[in-house]
Amino acid sequence: MWGIIATWRMAFDGVTVASQLLKEGIAVGDAIELAIRLIEDNPLYKSVGYGGLPNIQGTVQLDAAYMDGDTYQIGSVAGISDVKNPISVAKQLSKERFNSFLVGEGARDYAVLHGFDIQNMLTDRAKSEWEKRLKEVQKNKLNPYDGHDTVGMVGLDVSGSMATGTSSSGLFMKQAGRIGDSPLSGSGFYVDSDIGGATATGLGEDLMKGCLSYEIVRLMKDGYSPQAACNQAVYDFADRLTKRNETAGAFSLIAMNRHGEWGVATNVEFAFVVATEKQKPTVYVATPTKDKQTTIEKVTEEWLEQQRKHATID
Ligand code: GLY
């Protein structure tokens with residue numbers, strides 16, 4: 001059995017390529033790295049890699065992580081600039097015994113030292129969105145922050161190994177040096193090949209409060225299906241957070257277990273992509289129900305067409 005699940009519609013092409021390779025027997029870590037690189041390289045995606053929206057100073061600072069579910073080895077970068085593929089740096093760091101989580105200049109220096117591609121990650125489009133938002137925020141004294149769309153993936157290969165990866169430009173207009181959940185083990189991602197894995201997208205500040213990726217894996221270890229684990233972890237935490245703070249940011253979690261079964265839970269409308277040995281790459285939309293379950297529907301052709309238009313026009 002093999003399988004891969006990923007956050008957001010933007011992951012569709014990457015998941016399609018990765019699923020073909022997983023079918024042919026590629027190692028899951030390589031499949032995930034390749035799939036995330038495709039998203040990082042696409043300038044149309046505003047929340048990951050090249051074309052990602054910058055921080056308040058106009059600098060693109062990226063976060064990424066990789067975890068190997070066989071060894072628990074983790075590599076993370078946070079607030080890294082000018083590096084074309086943060087996921088590849090994170091994967092390389094996961095092989096280090098020490099210094100496996102690097103931030104800012106240290107992360108960039110490591111990338112340079114290890115021969116990773118260096119490039120300016122700010123596109124003209126991202127720069128003009130930043131200029132526009134800066135003016136609006138200054139003029140209207142608005143809260144500058146929108147929701148956020150990290151790419152996260154969990155995969156299983158034919159040998160039974162599992163891995164997870166994340167990549168994100170973080171919150172648009174974030175303060176310089178702000179780091180989200182995506183590079184943080186337990187919050188943005190977690191995987192154990194004997195159990196399964198989970199990964200998150202949404203408001204990092206709130207995701208960190210619940211360590212939801214780890215919580216979902218822990219529940220799967222206790223026998224929950226991926227769907228039951230996602231429902232339990234996400235809706236319970238959203239309730240507790242709302243009771244204590246009167247608000248909860250948007251967040252969505254996806255999970256896959258070692259049998260290739262998958263699940264999702266979210267407190268907003270959320271698109272994700274799945275491919276398994278039994279199922280060709282498919283985009284779904286999940287929505288929460290009042291009774292703390294998740295409605296999951298395949299997207300329609302019209303929905304996909306809207307997304308295509310949005311990606312090219314916007
Ligand atoms: N989930 C990504 C972030 O908050 O930075």
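Order of listing sets the numbers, starting from 1, for every ligand and every atom in it. All values reported here derive from a predicted model rather than from experimental measurement. Throughout, numbering of the chain's residues begins at 1 and tracks the sequence.
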Under a 4.0 Å heavy-atom limit, does R178 contact ligand 1 with its side chain, its backbone, both, or neither? side chain
Atoms of ligand 1 less than 4.0 Å from G204 heavy atoms? 3 (C), 4 (O)
Which of the numbered atoms in ligand 1 are under 4.0 angstrom from any heavy atom belonging to D181? 1 (N), 2 (C), 3 (C), 4 (O)
Looking only at the side chains, is there a donor atom on one of T266 and S252 sitting less than 3.5 Å from an acceptor on the other? yes
Using 30° and 60° as the class limits, which term best fits the ring planes of Y284 and W262: parallel, tilted or perpendicular? tilted
Could you list the atoms of ligand 1 found under 4.0 angstrom from a heavy atom of G202? 1 (N), 2 (C), 3 (C), 4 (O)
Checking heavy-atom distances from atom 2 (C) of ligand 1 to each of L184, T150, D63, the winner is T150
Pairs satisfying ring pair (Phe, Tyr, Trp, His ring centres under 6.0 Å), at least one member in residues 108-133, at least two apart: Y110-H114
Heavy atoms from other residues, nucleotides or ligands near CD of E277 exceed 12 (cutoff 6.0 Å): yes
Pairing of D30 and K91 as salt bridge, 4.0 angstrom limit: yes
Where ligand 1 meets S182 - atom numbers and elements under 4.0 angstrom, heavy-atom basis: 1 (N), 2 (C)
Give the atom numbers and elements of ligand 1 that come within less than 4.0 Å of a heavy atom of G170. 5 (O)
Taking only non-hydrogen atoms of K174, do any sit less than 4.0 angstrom from ligand 1? no
Could you pull out all residues at least two apart from E40 that satisfy side chain to side chain donor-acceptor pair (under 3.5 Å)? N85, S167
